[in-house]
Protein chains: 2
Amino acid sequence: MSGADHRATIVDVAERAGVSRQTVSRAMNDMPGISAATRERVLRAAQELSYRPSRFGRGLVEQGPITVGLVVEDLSNSYFAELGAAVVRACAPHGWNVVLAEAVHAPDPDAVAADLARRVDALVGYGVLTAALRGAGGMPVVQLDGTPEQLADGGVVEIARQEAAAELADHLRERGVRRPVVVDLAVRGSASRSGVLAAALAPLAAGGEVPIRAVDARRGHEEALREILADGADAVIAFNDELAVRLLRALRALEVPVPERLRLVGVDGLEIASLVTPELTSLAIDIEEVAACTVELVSGMLAGTVPLSGEGAHRAVPYRLEVRAST
Amino acid sequence: MSGADHRATIVDVAERAGVSRQTVSRAMNDMPGISAATRERVLRAAQELSYRPSRFGRGLVEQGPITVGLVVEDLSNSYFAELGAAVVRACAPHGWNVVLAEAVHAPDPDAVAADLARRVDALVGYGVLTAALRGAGGMPVVQLDGTPEQLADGGVVEIARQEAAAELADHLRERGVRRPVVVDLAVRGSASRSGVLAAALAPLAAGGEVPIRAVDARRGHEEALREILADGADAVIAFNDELAVRLLRALRALEVPVPERLRLVGVDGLEIASLVTPELTSLAIDIEEVAACTVELVSGMLAGTVPLSGEGAHRAVPYRLEVRAST
DNA sequence: TTGAAAGCGCTAACAA
DNA sequence: TTGTTAGCGCTTTCAA
């Protein structure tokens, strides 16, 4: 008889200890007004039954804190890891809890958000939210790095690339770049970012067209770079900093000097970009600011001062060009 | 009357829509057996009242998934970020949710774990757990990077450094190192790790003693290195990889060749260690394995097959020496 | 298609 | 010091 077929409740413990439910509650919560002997007896009974208070029963009475669900693509990507950290940090002052979930690696990525939606007070996500969140009626939903079209389904924190991408084009033009290449990752949702970059850089390019080349996140970089160099490229804009750092390493192996032979640009502005040699120029995004906007939206939605969708639930955070040694 | 003084409940919606609570439930959850017109009316009423179903009420009935609380020191430290990611990933196959919390930055760091303990089914933490978790009676608690002494309070996943540290000593001896220095961070809990490292390296050192020098995480590295070099040191073991990477950058600025003039070793085995030049030798810890052990412990504790404390709740994950170019 | 009743596990307030 | 009562908000089961 190791365990029961259902989890012990406060009533089971009360019966076993021969006291009332309330006394069990007092013992479990270190409340005053209970004799040491009784507490002892109750705690023993609880232990014998492997009793653990239900967080739902408790929450129902105590009105627990707001819980925000955060769904990201892949936590092994530093960008999402930093984003998660920033959201956790931004929620802390409100006393909110954050449940973190990852879409990739899940059996059914699309179900992650829907599942989580039933367990939290607000849902924040990155490229994984659909309008079809069963039982999410009225729940604040914020799409990160979303587009204005998505405002129909909920709030959107947009990450505005246009301006900084234009700045980058100017910067590269000054440096004499004539044949930039965008190196993309073959992951879901990457096309739009790469497209914007390529479009912004088009004026630089000889034929008015900037090639976009997809690579694997972790493999085959040297070969890809060899081909890119053979094509005469003089600048590479990587999909993100992590890829840029890997490309940098591959370039070192190929003994291609950066920035002399090839200029290299990352996107995201992660810490790692400034820790490598040469330090990476990056289209940086202020992750703290994204998190702050997100929390502001959610907070307003919960309070009723921000609409759950539409233009009033739209925030934009601009990229910022950080010029460093790699260009 | 924009908002009510208390959050609307299902009853409020039912009244407003002129239906029963069940009908509201049916409408909110897209269940069958309700006419389109009624659903419409209910949803409108819900919207007007800003009604959002309580996750506690729901959870009470539905028996939601296990929720694990994870308390780490500081998510802006990549090590904790990777750990958090690994735990989230290890919990996913069980269908568990993970609530992530950070101790540093919190108004009362010691209260973070205690607070969270009331909202979750199990608590996993890093250097922040005390035995005094009010209301945590019977709850699985796992201390990460804990010591066997802490087994009195709960489970412990120990990170065993001794063996790999001895390996490191051998490795450095082969390289001719005579004056190693341990560079520590002035953060809580760092003393023990540095002490173990210094002790393991003591046989190498001329006087049988390895100096431990504390630095700030992000500042003053060049000055500290200048002094270290002036003292004649020929190897630096940094508290973690992040610090090692920063030291590497500072050494580059000082034009000190690594490993020729100074050998450099990190601790943690983060991805970043292999992305810099020269790649960093590191005492690597298998974070996935730590997460797996943690989940195994928690799972067993919940099932009753692993005791909540004592030797049966002890797991150890060894460090592994990864030799790369920096030594 | 709708409603009524029951119960999920817990704690706060009050009574003994 | 202990027990009793009364909800907390929701879904499931059964009845109309």
Side-chain angles (χ1 to χ4, degrees), chain A residues 4-42 45-46 49-65 67 117-121 134-139, chain B residues 4-42 45-46 49-65 67 117-121 134-139:
Chain A
D5 42 346
H6 78 282
R7 203 169 129 171
T9 75
I10 198 171
V11 178
D12 301 322
V13 178
E15 272 173 13
R16 178 154 192 137
V19 296
S20 72
R21 302 149 27 136
Q22 188 49 23
T23 299
V24 175
S25 190
R26 283 191 266 258
M28 295 301 296
N29 293 304
D30 259 348
M31 300 167 80
I34 180 174
S35 73
T38 309
R39 163 183 290 118
E40 203 50 44
R41 188 153 40 93
V42 171
L49 295 171
S50 302
Y51 166 68
R52 287 166 288 123
S54 148
R55 66 175 195 282
F56 296 114
R58 236 177 210 166
L60 209 49
V61 175
E62 291 184 345
Q63 300 293 15
T67 294
R118 295 183 73 76
R119 323 258 159 248
V120 299
D121 301 302
R134 189 184 94 102
M139 172 178 295
Chain B
D5 42 346
H6 77 280
R7 205 169 127 169
T9 76
I10 197 171
V11 178
D12 301 321
V13 178
E15 271 173 13
R16 178 156 193 134
V19 298
S20 71
R21 302 144 35 128
Q22 286 18 296
T23 302
V24 175
S25 192
R26 284 190 266 258
M28 295 300 296
N29 294 305
D30 260 346
M31 299 168 81
I34 180 175
S35 73
T38 309
R39 163 184 289 120
E40 202 52 42
R41 190 152 38 94
V42 171
L49 294 172
S50 302
Y51 167 69
R52 286 166 289 125
S54 147
R55 66 175 194 281
F56 297 114
R58 227 171 218 172
L60 208 50
V61 174
E62 292 184 344
Q63 299 295 12
T67 295
R118 296 182 71 77
R119 324 258 159 248
V120 299
D121 301 303
R134 191 183 93 99
M139 172 178 294

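Lettering of chains follows the sequences in order, A, B, ..., and the numbering in each one begins at 1.
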Peer 1: Can you tell me the distance, in whole Å, between the CZ atom of B:R7 and the C1' atom of D:dC8?
Peer 2: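 Between C1' of D:dC8 and CZ of B:R7: 12 Å.
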Peer 1: Could you please name the option among C:dT2, C:dT11, D:dT11 that lies closest to any side-chain atom of B:S35?
Peer 2: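 For B:S35, the side-chain atoms sit closest to C:dT2.
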Peer 1: Please report the distance, rounded to the nearest Å, between CZ in A:R58 and P in C:dT11.
Peer 2: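 Spelled out: CZ on A:R58 to P on C:dT11 is 5 Å.
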Peer 1: When all nucleic acid strands are considered with a 4.0 Å heavy-atom cut-off, which category describes A:V11: base, sugar-phosphate, or nothing?
Peer 2: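 No contact.
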Peer 1: Among C:dT11, C:dA4, D:dG9, which is the nearest nucleotide to the side chain of B:R118?
Peer 2: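 Of all the options, the side chain of B:R118 is nearest to C:dT11.
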Peer 1: Calculate, to the nearest 0.5 Å, the distance between atoms OG1 and CD1 belonging to A:T23 and A:I10 respectively.
Peer 2: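 Answer rounded to 0.5 Å: 9.5 Å.
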Peer 1: Find which nucleotide of DNA chain C each of B:Q63 and B:R41 is nearest to by heavy atoms, and output the residue with the more 5' nucleotide.
Peer 2: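 Whichever sits nearer the 5' end wins; that is B:R41.
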Peer 1: For B:M31 and C:dG3, give me the distance from atom CE to atom C1', rounded to whole Å.
Peer 2: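 To the nearest whole Å, that distance equals 14 Å.
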Peer 1: If I take atom CE in residue B:M28 and atom P in nucleotide D:dT12, what distance separates them, rounded to the nearest angstrom?
Peer 2: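 Whole-Å distance recorded here is 14 Å.
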Peer 1: Do the side chains of B:M28 and B:V24 get nearer than 4.5 Å, heavy atoms only?
Peer 2: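 Answer yes - side chains close enough.
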Peer 1: Whole angstrom is fine here: how far is it from CD in B:Q22 over to P in C:dG3?
Peer 2: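 After rounding, the gap between these two atoms is 9 Å.
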Peer 1: Any donor-acceptor pair under 3.5 Å linking the side chain of A:R26 with the backbone of A:I34?
Peer 2: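 It does not hold such a pair.
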Peer 1: Take the protein atom CG of B:N29 and the nucleotide atom P of D:dT12, then report the distance between them rounded to whole Å.
Peer 2: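 One finds 8 Å between P of D:dT12 and CG of B:N29, rounded.
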Peer 1: Looking for any heavy atom pair under 4.0 Å, which part of the strands does A:I34 touch: base, sugar-phosphate only, or nothing?
Peer 2: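 Result for A:I34 = sugar-phosphate.
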Peer 1: Give a yes/no on whether any side-chain N or O of B:T23 is located under 4.0 angstrom from OP1 or OP2 of C:dG3.
Peer 2: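 True: B:T23 side-chain N/O within range (under 4.0 Å) of C:dG3 OP1/OP2.
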Peer 1: Taking only side-chain N and O atoms of A:S20, does any of them lie within less than 4.0 angstrom of OP1 or OP2 on D:dT4?
Peer 2: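 No, no such contact exists.
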Peer 1: Determine yes or no for a side-chain-to-main-chain donor-acceptor pair under 3.5 angstrom, with B:R118 supplying the side chain and A:R58 the backbone.
Peer 2: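 Checked: no pair found.
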Peer 1: Between A:T67 and A:R119, does any side-chain donor sit less than 3.5 Å from a side-chain acceptor?
Peer 2: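 Result is no, nothing qualifies.
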Peer 1: Take atom CG of B:D30 and atom P of D:dT11, then tell me their distance rounded to the nearest Å.
Peer 2: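 My rounded result for the distance is 12 Å.
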Peer 1: If each of A:S54 and A:R26 is mapped to the nucleotide of DNA chain C with the nearest heavy atom, which maps nearer the 5' terminus, i.e. the 5' end?
Peer 2: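 Residue closer to the 5' terminus by nearest nucleotide: A:S54.
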Peer 1: It should be established whether B:T38 places a side-chain nitrogen or oxygen under 4.0 Å from OP1 or OP2 of nucleotide C:dT1.
Peer 2: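 Answer no for this pair, as no side-chain N or O of B:T38 is under 4.0 Å from OP1 or OP2.
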Peer 1: Just how far, in rounded Å, is P of C:dT11 from CZ of A:F56?
Peer 2: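 Atom-to-atom, A:F56 to C:dT11, this comes out as 14 Å.
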Peer 1: Does the side chain of A:S25 get closer than 4.0 angstrom to OP1 or OP2 of C:dA12 through an N or O atom?
Peer 2: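 Answer is no, no contact under 4.0 Å.
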